[in-house]
Amino acid sequence: SLYHPAMYPEIQPYKSSTLKVSDMHTLYYELSGNKDGAPVVFVHGGPGGGCDEKDRSFFNPNKYKIILFDQRGAGKSTPQACLEENTTWDLVRDMEKLREELQIEKWHVFGGSWGSTLSLAYAQSHPDRVKSLILRGIFTLRKSELKFFYQDGASHLFPEAWDEFIAPIPEAERHDMILAYHAQLNSIDDSTRIIAAKAWSKWEMSTSKLYVDPAYTKRAESDVFANAFARIENHYFINTGFMRDGQILEKQEIDKIRHIPCIVVQGRYDVVCPATTAYSLKKVWPELELHIVPDAGHSSREVGIAKLLVDGTNKFADL
Ligand SMILES: CNCC(=O)c1nnc(C(C)(C)C)o1
């Protein structure tokens, strides 16, 4: 079932296709809802997480032309979990290629977690192509954010899951978990790679909701999902998103997009992308509408978060 009564019923795409964006990469995308409606592009998280069919339900299908696409190496895009030619700026260029392929002038942009990072990077690169931004669980890949979730922070709140996360890593390497996981996720040994990928994914899935949800955590047990999610996330994080530390929050970058209508929905108890980053974004971008949900964690599937996201898409539908 869906995460809140305000969400729209599950629908199927009226078109699914692929777009070749480089000699190496081909993206999967799909269109649903009203083909003459207001175009909105859904930017999935991870990176490497891929889209989920339920993601269509954040949008009124009578008002929106709903565009879901799997970023490089994620979901149904190929080559699966490929790290070559896979950077933030390749994905920004891909969004422009997709927009042009679909003959869209301007579109609404909706994204959570890594999806909020890429949405902001895209808007700062192409502000004239963005009608509105609806963002959840703000993530800007600062070293402090990565340290909190992967080294010394969330570990204090989820000690049991943290024990499982560090288990595959030799004690001598635990002082730099992202680097240590990079070695295992890129090992020549398949079993080392998949064990590390599942442990990495399970850490995130078991800390993404205020009430740990076993059904949600199960997602980490899929070899295909875990492999792409873990390898691509780790690749982006070890490169701190291919950006300067804090680049997205710089005044010169925010000033490019301050005129764009923007709603941010942030869980108070989000331990994956803690509220401090959403708050920093609000301080540098006072015009944005910030909602901190008092009883939610990171996931867009938290009841309070899902409701405010749908309220946001309903509000922006007629912009
Ligand atoms: C640090 N990564 C957070 C993120 O982007 C994310 N968390 N869960 C997801 C999926 C919903 C795509 C699994 O993405």
Side-chain angles (χ1 to χ4, degrees), residues 2-3 28 42-58 68-77 81 88 91 110-121 135-151 153-155 158 161 165 177-178 181 185 197-210 212-213 215-222 224-241 243 248 264-267 269-278 296-302 305-306 309:
L2 291 166
Y3 325 125
Y28 166 80
F42 178 89
V43 187
H44 70 66
C51 291
D52 183 292
E53 59 187 10
K54 292 185 173 64
D55 295 329
R56 300 176 200 134
S57 295
F58 287 111
L68 268 56
F69 78 102
D70 287 332
Q71 297 157 26
R72 291 189 180 204
K76 299 185 189 111
S77 293
T88 309
L91 304 189
F110 178 112
S113 195
W114 160 256
S116 74
T117 322
L118 182 53
S119 296
L120 287 163
L135 307 174
R136 180 268 311 175
I138 301 296
F139 185 41
T140 60
L141 275 85
R142 291 175 297 178
K143 287 185 172 61
S144 60
E145 296 168 60
L146 297 169
K147 179 172 184 286
F148 181 85
F149 190 57
Y150 292 108
Q151 197 62 47
S155 53
F158 290 87
F165 180 58
M177 291 300 289
I178 291 176
Y181 262 94
L185 290 167
K198 288 183 170 180
W200 173 282
S201 303
K202 188 170 183 188
W203 166 241
E204 182 149 348
M205 295 300 125
S206 45
T207 54
S208 284
K209 296 186 83 173
L210 183 68
V212 179
D213 174 357
Y216 193 66
T217 308
K218 271 188 81 62
R219 216 166 160 198
E221 287 162 25
S222 143
V224 169
F225 171 81
N227 184 51
F229 187 62
R231 279 172 51 78
I232 297 172
E233 278 202 334
N234 183 275
H235 165 67
Y236 273 72
F237 301 163
I238 205 156
N239 288 289
T240 50
M243 294 182 275
I248 284 177
V264 171
V265 182
Q266 175 70 39
Y269 299 103
D270 182 340
V271 304
V272 182
C273 301
T276 185
T277 305
H298 177 65
S299 172
S300 62
R301 304 178 181 199
E302 300 275 51
I305 290 182
L309 287 173

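Hydrogens, waters and symmetry mates play no part in the numbers below; they use all other heavy atoms, side chains included. First listed ligand is number 1; within each ligand, the first listed atom is number 1.
Under the rule for a side chain to side chain contact (heavy atoms under 4.5 Å, CB included), the partners of Phe237 that lie at least two apart in sequence or sit in another chain are Pro47, Phe139, Leu141, Leu146, Tyr150, Ile178, Trp200, Glu233.
Each of Tyr181, Phe158, Phe149 was checked for a ring-ring contact (aromatic ring centres under 6.0 Å, His included) with Phe165, and the lone residue meeting it is Tyr181.
Side-chain atoms of Ser299 never come within 3.5 Å of backbone atoms of Ser208 as a donor-acceptor pair (strictly under, hydrogens ignored). Not a single donor-acceptor pair under 3.5 Å links the side chain of His44 to the backbone N or O of Asp70.
Contact of the Leu118 side chain with the Tyr236 side chain is not registered, since no non-hydrogen atoms from C-beta on lie closer than 4.5 Å.
Within a 6.0 Å sphere centred on NZ of Lys202, heavy atoms belonging to other residues, nucleotides or ligands number 12 at most.
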List of N/O pairs, ligand 1 versus protein, all under 3.5 Å?
residue: ligand 1; atom: 2 (N); partner: Gly46; partner atom: O; Å: 3.0
residue: ligand 1; atom: 2 (N); partner: Glu204; partner atom: OE2; Å: 2.9
residue: ligand 1; atom: 2 (N); partner: Glu233; partner atom: OE2; Å: 2.9
residue: ligand 1; atom: 5 (O); partner: Gly46; partner atom: N; Å: 2.5
residue: ligand 1; atom: 5 (O); partner: Gly46; partner atom: O; Å: 3.3
residue: ligand 1; atom: 5 (O); partner: Ser113; partner atom: OG; Å: 2.6
residue: ligand 1; atom: 5 (O); partner: Trp114; partner atom: N; Å: 2.9
residue: ligand 1; atom: 7 (N); partner: Glu204; partner atom: OE2; Å: 2.5
residue: ligand 1; atom: 8 (N); partner: Glu204; partner atom: OE2; Å: 3.4
residue: ligand 1; atom: 14 (O); partner: Gly46; partner atom: N; Å: 3.0

